[in-house]
Amino acid sequence: MLKIYDTAQRAIVDFVPRTEGAASMYVCGVTPYDIAHLGHGRTAVVFDIMRRHLTHRGYAVTFVTNVTDIEDKIIARAAAKGTTESDLAQVFQDEYWQQMDRLDVQRPDEMPRATEFVPQMQALIAELIAAGRAYVIEGSGVYFDVASLEDYGKLSRRSLEQLIDSAGSRVAVDDDKHSPVDFALWKAAKPGEPEWNSPWGLGRPGWHIECSAMALEILGEGFDLHGGGDDLVFPHHENEIAQAEGAGHPFARYWLHSAMVMVGSEKMSKSAGNFPSLASAIDAHGAATFRWVVVRTHYRRQMEITDDALRAAGAEMEGFNALARRAHRGGIAAAPTADISAFLSVMDNDFDTPNAVAVIHGWRSAANSALDDGRADDASALVAQVRAALAVLGITLDDGSANGGDAEIDALVEARAEARRAKKFAESDRIRDELAGRGIVLEDTSSGTVWRRS
RNA sequence: GGCGGCGUAGCCGAGUGGUUCAGGCAGAGGUUUGCAAAACCUUGUACAUGGGUUCGAAUCCCAUCGCCGCCUCCA
């Protein structure tokens, strides 16, 4: 039985989908106005693993991730760069998916862009007005009337009083709004900004409405899982719920939130300017290592992704790759099927990847022992378990088979092997040192020498 | 100020009342190897502090200290 931590209930609960055997999932995507950072990488990997695990458990998963391609930051950045909003969004969306592809993050089944769903947003806004949950301020826009919704704040556990108390202390309040906590559904057009026609005049959608409208449009009422970074709980997800339920549409059954990535004990954020790029981390340490460092910490726990952390994770990954190389060189093929039930049941407990990692390490160690002892069948089964479990985590091992293409290195490796056979160790060591100088590390196995780049 | 989380051995990171242990990285010793590399084996009595509950607490309760997040755009 899959159990998940539901932010709304603040508890680990059984996952019971809307439709048996299916799982519909909406994960808030990015606002593409700058390059992807480490936090984007973590969040994407976390939800990708949830998706893979659900799929592995037999659910037919429908996975939706939106793109917020019209928003204040995009408008400001496009103006600063002298480009259009859509071009700017496209550039950074492409960069984002380029990194996601390197990380083997599976593409969503649907990737709706906010600008393509303006009619649906307007329809939802109209419903909210009709339901008495929203009001129009001429020349300003349409606002959600928070006080009209009895249980507003239920996701983030905030009361209306405390919200009103703190409102205005950090954000300027529009005096025309009925309450300082009311938020914009539709913003009246401003000169030089993109605009759409609407029953309330030219303008553009507020930030939160897109996700309510698109999730309902694509996944329907009462879809299963809604996810995102935990910085979105309030106000974004809270407002999504208000917009959907305020119009009478049951919204997400479960809420999943992944914790933030910290840098130097502070939350990384674009506004603070402390955001190491995802690309540079992958460049330096590899995609599998990045995934591994994410997986080592539970998704609901804050973590730092430092160079040291990546190095340690890289050392672990290297151990797994070494196993794959050994098995490959020794002609040990992974068994066609693998029993990874021990791994899966750990994962069933709210995607407990840290403990799942321990299970995989156990198999790795046992596989090496089996290879040491020449127990080929055991080794084959264990290697298969390691590979299958890692696949659920989105990691594919490098067994070195792609290293065969370098004729020059292969020739040197062979020359060294000959020298060794002739017991000319001075010569064989000289060749090994030469290769080491070029970043090539040799490993002599019982079935021959394999090499890798260090 | 309100809401929430965290503080575990050199480092990362599980664990929520009890024989024996998370797991990993780094370190040390050993086996293997011509020497290495890789691998395997052995090796660490840690739980912020002070009280309390209990036969027994890292684990429950209270207090204290420290760190972090949300309350503003943010993955």
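Letters go in sequence order (proteins before strands), and every chain restarts at 1.
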Please report, rounded to the nearest Å, how far the [atom2] atom of [N] is from the [atom1] atom of [X].
X        : N     : atom1 : atom2 : answer
A:Asp48  : B:A75 : CG    : C1'   : 14 Å
A:Ile164 : B:G1  : CD1   : C1'   : 16 Å
A:Glu161 : B:C71 : CD    : C1'   : 15 Å
A:Asn321 : B:C25 : CG    : P     : 14 Å
A:Phe343 : B:G23 : CZ    : C1'   : 14 Å
A:Phe234 : B:C70 : CZ    : C1'   : 9 Å
A:Leu393 : B:G24 : CG    : P     : 16 Å
A:Leu310 : B:G24 : CG    : C1'   : 15 Å

### Sugar-phosphate or base contact per nucleotide [nucleotides 34-42 of chain B; S, B, -; heavy atom under 4.0 Å]
BBBBSSS--
### Task
Would you give a per-nucleotide map of nucleotides 2-17 of chain B, 5' to 3', where B means the base has a protein non-hydrogen atom under 4.0 Å away, S means only the sugar-phosphate does, and - means neither?
B-S--S----BSS---
#### Entry: Member of A:Asp182, A:Asn239, A:Leu149, A:Ile125 meeting the side chain to side chain contact (heavy atoms under 4.5 Å, CB included) criterion with A:Phe144
A:Leu149
### Message
Could you check, using the six-membered ring where one of them is a Trp, whether A:His361 and A:Phe320 have ring centers closer than 6.0 angstrom?
### Response
yes
Within the 4.0 Å heavy-atom criterion, would you say [X] contacts the bases, only the backbone, or no part of the nucleic acid?
X        : result
A:Gly229 : sugar-phosphate
A:Val359 : nothing
A:Ile360 : nothing
A:Gly29  : sugar-phosphate

### Query
Which comes earlier along RNA chain B counting from the 5' end, the contact point of A:Asp230 or that of A:His236, where each point is its nearest nucleotide?
A:Asp230
### Query
If you round to the nearest 0.5 Å, how far is CD of A:Gln106 from OG1 of A:Thr65?
11.5 Å
### Query
Do side-chain atoms of A:Thr83 reach the backbone of A:Ala78 as a donor and acceptor pair under 3.5 angstrom?
no
### Task
Taking only Lys NZ, Arg NE, NH1 and NH2, and the carboxylate oxygens of Asp or Glu, determine whether A:Asp283 and A:Arg102 approach each other closer than 4.0 Å.
yes
### Message
Show me, range against range, the stems involving RNA chain B, built from at least 3 consecutive Watson-Crick or G-U pairs below 3.5 Å.
### Response
B:1-7 with B:65-71, B:10-12 with B:23-25, B:27-31 with B:39-43, B:48-52 with B:60-64
Work out how far the [atom1] atom of [N] is from that of [M], and round it to whole angstrom.
N     : M     : atom1 : value
B:G10 : B:A26 : C1'   : 8 Å
B:A14 : B:G23 : P     : 15 Å
B:C21 : B:C68 : P     : 35 Å
B:A75 : B:U64 : P     : 37 Å
B:U16 : B:A28 : P     : 34 Å
B:G7  : B:C47 : C1'   : 10 Å
B:G18 : B:U59 : C1'   : 11 Å
B:U43 : B:G4  : P     : 44 Å

### Task
Return no unless some side-chain N or O of A:His361 is found under 4.0 Å from OP1 or OP2 of B:G23.
no
Is the shortest heavy-atom distance from the side chain of [X] to the side chain of [Y] under 4.5 Å?
X        : Y        : value
A:Phe251 : A:Phe223 : yes
A:Phe92  : A:Val30  : no
A:Trp196 : A:Ile70  : yes

By the definition side chain to side chain donor-acceptor pair (under 3.5 Å), identify the one residue from [options] that meets it with [X].
X        : options                      : value
A:Lys3   : A:Asp352, A:Asp14, A:Asp350  : A:Asp14
A:Arg375 : A:Asp377, A:Asp378, A:Asp372 : A:Asp378
A:Arg291 : A:Asp104, A:Asp48, A:Thr396  : A:Asp48

### Task
Flag this pair as yes if the NZ/CZ of A:Arg51 is under 6.0 angstrom from the six-membered ring centre of A:Phe63 and inside a 45 degree cone about the axis; otherwise no.
yes
### Task
Could you check A:Phe234, A:Tyr143, A:Phe183 and say which one makes a ring pair (Phe, Tyr, Trp, His ring centres under 6.0 Å) with A:His208?
A:Phe183
